[in-house]
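Let me begin by presenting the structure, written as structure tokens, before commenting on it.
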Amino acid sequence: MTDGASFRKLTFPPTDAYRHMLPSPDPESLAAAVELAVAIRSARLGRATHAAAVKYLSPRPLPAFLSNHLVNMYSKLDLPTAAATLLSVDPDPSVVTWTALISGSAQNGRPLSALAHFAAMLRASVRPNDFTFPSAFKAAAAARQPLVGRQIHASSFKSGLIDDVFVACGALDMYFKTGLTFDARTLFDEMPQRNIVAWNAVMTNAVLDGRPDEAIKAFIKLRLHGGIPNTISLCAFLNACAGASYSSLGSQLHAFMIQSGFDLDVSVGNGLIDFYGKCHWVHEARAVFDEMHMKNDVSWCSMVVVYAQNGAEEEAFRVYLDARKEGIRPTDFNVSSVLTTCAGLSGLDLGRSLHAAAIRSCINGNIFVGSALVDMYGKCGSIRDAERAFEEMPERNLISWNALIGGYTQLGDAHMALTVFDEMIGCGEVAPSYVTLVNVITACSRGGLTKEGLDLFETMKERFGIEPRLEHYACVVDLLGRAGMEERAYEFIKTMPVRPSISVWGALLGACRLHGKTALGRIAAQKLFEIDPQDSGNHVLLSNMFASAGRWVEATEVRKEMKDVGIKKGPGCSWITWKNVVHVFQAKDTTHEMNDKIQAMLAKLRRQMQAAGYMPDTRYALYDLEEEEKETEVLQHSEKLALAFGLVCIPPGIPIRITKNLRVCGDCHCAIKFISGIVGREIIVRDNNRFHYFRDYQCSCRDYW
DNA sequence: GTAGGGTTAG
């Protein structure tokens, strides 16, 4: 509510007005009460006033102007049936009545109803006026119907109303939103008068269409024409800067906003938070947030997103909790953005509590919330919950399907990923995107369905009209490499039409490690070092490849090289959540308060594992030690410590969930398989790449990761 | 009495 349009007749606070409103039989007072109901969005007051009007005025019919007020009220409050019924009993509805019905539908996200009402109005030989056309254009724009939009434009042209700025701005925005950019530009150039709304339409749509530079140019041109930007222009400009990562330009504008006092506007403040967040200037975003005089739910949500998208998930969650403390209701926006941080943290318990909050706030049917739930459960390794969340969604879109397929991909369940993919195609409601294909081809690769994966890659353009991107090429290299066709994968890379990326060579190196192809592995590693000389992961992979092949000299060389060039392996850590507390472990960590019990558990497990035939794989020991010392060292890896803690604390029957920030180590992988069988428990390890489900001496990845 | 351009998410 920036311009107070809906309040223009009220000189006192509307809630007070409601309190002192007394039923009064004259039509003027009744109309005022109806208008008030719209302003405070109270369907209760609206209905009560309608009933009072009928009672007071019966047996006389409602006067036309009061009837218009009522249609408008029902339509604006999104009670379309009541609005349409009232109009239908009117023997001669005027253009005002029709426009009230049309605008309400357009504003409440019912563009197709709005267009249907517009058509019905024309059939009833009622001519649209300068108020009708803007709503009709808005509906055509929202419904993405360029042809309908063009017809409305023609009609407004014939009636001469296109010269009205409101009408022209509606047409302008409609042409942009329906993709008829050329028509939009022509219209803009030919407009007899351009107001700020027209300029804003140019700018906001340029940003929406991913042309931020054009929005910035338009802003400069507006200033050169002596135009005064308003809050909407400034939000558009900030969005453009965020989209193009023009951090200094945006912060210059911030200075201008402070001078002109625009930064006091909530929307502009929110735009600034978002802008700084997208430029990764987290401190600046927080400073704007802290200094805001007025915060609304969007401000809080934007701040959550800033943290979530800049790798500070815990901080994001804290802001969400602070918002709750401040009395901010968990909105669909809020919940869906915080759910992504749970997915990132692997925070299943937090995610479940958000799910419960979503149900309590009746937003669990929202498509964003639903998709975020599917995504969160999938990423937290709870595929049954992901399936259930998907089933419960009242409607689904591309993102929902991608989230479910992604869940199966993370698990390595290629058959289910393909089944759901087929279902998605079969339902005919959504077309797959390039993300969908990355997911299914990756699933094929992880599940060993080499032929199916290659088939998908080769036919994706023809079947789905999707041009293969770099990600898809990397998938194919992975697919071939895992299946033992490293040479073919290398040939494939040579014929790629795009320059191979880190993930392409990384996939080849991974495959070479898996199958002991050291010569080719060295080539891949060389390419990787050229692209990113400082990456520790690739050096470790190369060293492990030599170690697995028993080529100790080369393995040591790579390690030494890393040391010489000053590459440090980031500290590996594993964490486990128990009773809402996150317990983090590093290798050889003895600082935990339950260290004694953890060590006792490890000693016991070691005896039991060795009795069952486990041999410690000391190649994963980092130091040059005696064999027995190496055995002790690998036993102290962070994932084993976290697991021992879980076995000490978490009662039998509850699956143990561990998250690791690096790839799970080979010896730990083998040990956890044994432990899952010995203690008879489900153990789920999420590493930086995928899930491992350990059960009964086996892992879901089939030792293929 | 009826109108146009906007901030946050999967």
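Computed from a predicted structure; not experimentally measured. Naming convention: chains lettered A, B, ... in sequence-line order (proteins, then strands); numbering from 1 in each chain.
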How long is the line joining [atom1] of [X] and [atom2] of [N], in whole Å?
{"X": "Y276(A)", "N": "dT8(B)", "atom1": "OH", "atom2": "P", "result": "16 Å"}
{"X": "M376(A)", "N": "dG10(B)", "atom1": "CE", "atom2": "P", "result": "14 Å"}
{"X": "M257(A)", "N": "dT7(B)", "atom1": "CE", "atom2": "P", "result": "13 Å"}
{"X": "D173(A)", "N": "dG5(B)", "atom1": "CG", "atom2": "P", "result": "5 Å"}
{"X": "M73(A)", "N": "dT2(B)", "atom1": "CE", "atom2": "P", "result": "13 Å"}
{"X": "F65(A)", "N": "dT2(B)", "atom1": "CZ", "atom2": "P", "result": "12 Å"}
{"X": "F219(A)", "N": "dG5(B)", "atom1": "CZ", "atom2": "P", "result": "20 Å"}
{"X": "H355(A)", "N": "dA9(B)", "atom1": "NE2", "atom2": "P", "result": "22 Å"}

Query raised in the report: Can R318(A) and E315(A) be counted as an ion pair, charged N to O under 4.0 angstrom?
Result: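 Salt bridge between R318(A) and E315(A), a charged N being under 4.0 Å from a carboxylate O: yes.
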Query raised in the report: Does a salt bridge link R185(A) with D189(A), judged by any charged N lying under 4.0 Å from a carboxylate O?
Result: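 Salt bridge absent between R185(A) and D189(A).
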Query raised in the report: Tell me, which pairs form a side-chain hydrogen bond (donor to acceptor under 3.5 Å, both in side chains) where one or both residues lie in residues 153-164 of chain A, sequence neighbours left out?
Result: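 Output for this query lists H153(A)-Y175(A).
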Donor-acceptor under 3.5 Å ([X] side chain, [Y] main chain):
{"X": "N334(A)", "Y": "P330(A)", "value": "no"}
{"X": "S75(A)", "Y": "N72(A)", "value": "no"}
{"X": "H355(A)", "Y": "G351(A)", "value": "no"}
{"X": "N397(A)", "Y": "S400(A)", "value": "yes"}

Nearest to side-chain heavy atoms of [X], which nucleotide of [options]:
{"X": "N72(A)", "options": "dG5(B), dT2(B), dA9(B)", "result": "dT2(B)"}
{"X": "C235(A)", "options": "dA3(B), dA9(B), dG6(B)", "result": "dG6(B)"}
{"X": "K177(A)", "options": "dG10(B), dG5(B), dA3(B)", "result": "dG5(B)"}
{"X": "I367(A)", "options": "dG6(B), dT2(B), dG10(B)", "result": "dG10(B)"}
{"X": "F333(A)", "options": "dG6(B), dT8(B), dT2(B)", "result": "dT8(B)"}
{"X": "I232(A)", "options": "dG10(B), dG5(B), dA9(B)", "result": "dG5(B)"}
{"X": "T99(A)", "options": "dT2(B), dG6(B), dG5(B)", "result": "dT2(B)"}
{"X": "D164(A)", "options": "dG6(B), dG4(B), dA3(B)", "result": "dA3(B)"}
{"X": "N270(A)", "options": "dG5(B), dA9(B), dT7(B)", "result": "dT7(B)"}

Give the residues of [range] touching DNA chain B, defined as any heavy atom closer than 4.0 Å, sorted by residue number.
{"range": "residues 109-128 of chain A", "result": "none"}
{"range": "residues 288-301 of chain A", "result": "V298(A), C301(A)"}
{"range": "residues 89-96 of chain A", "result": "S94(A), V96(A)"}

Query - Shortest non-hydrogen separation from G243(A) to P212(A) and the atoms involved - result: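 So the two residues come closest at C-CG, 4.3 Å.
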Query raised in the report: Looking only at heavy atoms, which two atoms of L70(A) and V34(A) are closest? And how far apart?
Result: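 Nearest heavy atoms, L70(A) then V34(A): CD2-CG2, 3.7 Å.
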Query raised in the report: With side chains defined as the heavy atoms from C-beta onward, is the minimum distance between F137(A) and I152(A) less than 4.5 Å?
Result: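 F137(A) reaches I152(A) side chain to side chain.
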Under 4.0 Å, counting only non-hydrogen atoms across every strand here, what does [X] touch: a base, just sugar-phosphate, or nothing?
{"X": "L373(A)", "answer": "nothing"}
{"X": "N205(A)", "answer": "nothing"}
{"X": "N129(A)", "answer": "base"}
{"X": "K379(A)", "answer": "nothing"}
{"X": "E28(A)", "answer": "nothing"}

Query - Other residues, nucleotides, ligands: >12 heavy atoms within 6.0 Å of R144(A) CZ - result: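 Atom CZ in R144(A) is packed in, count exceeds 12.
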**Report entry** Heavy-atom neighbours of F157(A) CZ exceed 12 at 6.0 Å
**Finding:**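 No, the 6.0 Å shell around CZ holds no more than 12 heavy atoms from other groups.
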Report yes if at least one side-chain N or O of [X] is closer than 4.0 Å to OP1 or OP2 of [N]; otherwise report no.
{"X": "N402(A)", "N": "dG10(B)", "value": "no"}
{"X": "K138(A)", "N": "dG6(B)", "value": "no"}
{"X": "T132(A)", "N": "dT2(B)", "value": "no"}
{"X": "Q309(A)", "N": "dT8(B)", "value": "no"}

Check: [N] base within 3.5 Å donor-acceptor of [X] side chain:
{"X": "S336(A)", "N": "dA9(B)", "answer": "yes"}
{"X": "N397(A)", "N": "dG10(B)", "answer": "yes"}
{"X": "S267(A)", "N": "dG6(B)", "answer": "yes"}

Report task. Just jot down the ring pair (Phe, Tyr, Trp, His ring centres under 6.0 Å) partners of F317(A), sequence neighbours excluded, or say none. Result ->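 Ring pair (Phe, Tyr, Trp, His ring centres under 6.0 Å) list for F317(A), sorted by chain: Y320(A).
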Report task. Could you tell me if the ring centre of W401(A) sits under 6.0 Å from that of F390(A)? Result ->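 Under 6.0 Å, so yes.
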Requested in this report: State yes or no: are the ring centers of F289(A) and W300(A) separated by less than 6.0 Å?
Outcome: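 Between W300(A) and F289(A), which both carry aromatic rings, the centre distance is below 6.0 Å.
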**Report entry** side chain to side chain donor-acceptor pair (under 3.5 Å) evaluation trace for N296(A) with S299(A)
**Finding:** CA-CA 5 Å; N296(A) 62 11; S299(A) 326; 2.9 Å; yes
Report task. Among F262(A), Y276(A), F237(A), find the residue that satisfies the ring pair (Phe, Tyr, Trp, His ring centres under 6.0 Å) test when tested with H254(A). Result ->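 It is Y276(A); the other options fail the test.
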Requested in this report: Could you provide the dot-bracket string of DNA chain B, using ( ) for intrastrand pairs, [ ] for crossing pairs and | for bases paired to another strand, with Watson-Crick or G-U pairs below 3.5 Å?
Outcome: ..........
